[in-house]
Amino acid sequence: MEKTKLRLVLRAALIALFALIVLLVGLSFISDKLLPDELAEWQHRANSGDFGLADAAGLIFWLGGLALTFVSMVGLFFYQRWAAWMLLTVMMVFSLQVIFSPTVEPGLLSYLGGWSDVLSGLILGIAFFTDALASGE
């Protein structure tokens, strides 16, 4: 595929991923309403309690990761190779979070999350295995 078409696909995938992330973050605020009653009650009990230091650290961790993801997406939008490495690193670090605690999410969030994984793979594949980020026209 020629470089201009690759760059167009890369930008389209980045815009789609950005929209999907915004949608997923928005839906996460109402995710308990999308769960069956038993799971929503379990999730509420598991997350109840005082907001402590661990909760604050977790929130800072997630907000930092989200900010780094958006920075790397902007860099990729302007065809910067460092941004591809940043996106890869952020995704590798944040994929480890599933190891540390059980996760309950509605099917819709899981479905959209799967599509965000596909788009992320497409973006990283274009960034690392094509000449879309090569200098010069």
Side-chain angles (χ1 to χ4, degrees):
M1 189 181 275
E2 68 183 57
K3 190 174 181 176
T4 55
K5 288 182 182 176
L6 285 170
R7 286 182 165 191
L8 181 65
V9 171
L10 177 63
R11 281 189 167 175
L14 285 165
I15 291 169
L17 182 60
F18 177 79
L20 200 52
I21 289 172
V22 169
L23 179 62
L24 283 166
V25 168
L27 285 174
S28 71
F29 289 107
I30 62 164
S31 66
D32 58 332
K33 299 194 181 7
L34 300 172
L35 287 171
D37 292 336
E38 297 83 17
L39 287 176
E41 289 174 19
W42 177 84
Q43 188 176 33
H44 181 67
R45 279 194 312 271
N47 294 333
S48 64
D50 293 334
F51 189 79
L53 184 60
D55 296 322
L59 183 61
I60 291 170
F61 178 74
W62 280 106
L63 290 176
L66 198 57
L68 289 174
T69 299
F70 289 140
V71 166
S72 64
M73 289 173 68
V74 169
L76 278 170
F77 195 81
F78 294 106
Y79 314 120
Q80 301 297 309
R81 180 145 318 267
W82 60 263
W85 285 105
M86 178 186 274
L87 184 64
L88 177 64
T89 303
V90 169
M91 288 187 175
M92 288 174 58
V93 168
F94 280 87
S95 66
L96 294 175
Q97 63 88 18
V98 296
I99 296 173
F100 298 111
S101 64
T103 303
V104 175
E105 64 183 7
L108 177 61
L109 263 67
S110 180
Y111 175 76
L112 293 174
W115 278 109
S116 75
D117 292 341
V118 169
L119 283 171
S120 300
L122 175 65
I123 290 166
L124 291 173
I126 290 172
F128 286 110
F129 301 112
T130 69
D131 63 345
L133 300 183
S135 298
E137 292 295 324

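Small disclaimer: the values here were computed from a predicted structure and weren't measured.
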Quiz item: If every non-hydrogen atom of Leu35 is compared with every non-hydrogen atom of Pro106, which pair is closest and at what distance?
Solution: CD2-N, 3.6 Å

Exercise. Search all heavy atoms of Ala84 against all heavy atoms of Leu133 and return the closest pair with its distance.
Key: CB-CD1, 4.1 Å

Practice problem: Only pairs at least two apart or in different chains count here, so list each side chain to side chain donor-acceptor pair (under 3.5 Å) that has a residue in residues 108-121. | Solution: Tyr111-Trp115

Ignoring hydrogens and angles, write down the donor-acceptor pairs under 3.5 Å from the side chains of residues 9-17, residues two or more places apart or on other chains.
residue, atom, partner, partner atom, Å
Arg11, NE, Phe77, O, 2.9
Arg11, NE, Tyr79, OH, 3.1
Arg11, NH2, Phe77, O, 3.0

Quiz item: Any link between Phe61 and Leu96 through a network of hydrophobic side chains (Ile, Leu, Val, Met, Phe, Trp, Tyr) touching at under 4.5 Å?
Solution: no

Quiz item: Shortest non-hydrogen contact from Ser31 to Leu109?
Solution: CB-CD2, 4.2 Å

Quiz item: Of all residues at least two apart in sequence or in a different chain, which pass the side-chain hydrogen bond (donor to acceptor under 3.5 Å, both in side chains) check with Glu2?
Solution: Thr4

Quick one: side chains of residues 62-73, donor-acceptor pairs under 3.5 Å with protein atoms, not counting sequence neighbours, listed by atom name and distance.
residue, atom, partner, partner atom, Å
Thr69, OG1, Gly65, O, 2.8
Ser72, OG, Leu68, O, 3.2
Ser72, OG, Thr69, O, 2.7

Quiz prompt | Under 3.5 Å: donor-acceptor pair, side chain of Glu41, backbone of Leu39 | solution = no

Quiz item: Is it the case that one hydrophobic cluster holds both Val22 and Leu112, taking links as side-chain heavy atoms less than 4.5 Å apart, direct or via other members?
Solution: yes

Self-check item: Residue list, side chain to side chain contact (heavy atoms under 4.5 Å, CB included) with Leu8, at least two apart or on another chain
Solution: none

Residues 85-94 side chain polar contacts: donor-acceptor under 3.5 Å, at least two apart:
residue, atom, partner, partner atom, Å
Thr89, OG1, Trp85, O, 2.8

Quiz item: Distance from Glu105 atom CD to Leu27 atom CG, nearest 0.5 Å?
Solution: 11.0 Å

Exercise. Mind checking the CG-CG spacing from Leu108 to Leu24? Nearest 0.5 Å is all I need.
Key: 8.0 Å

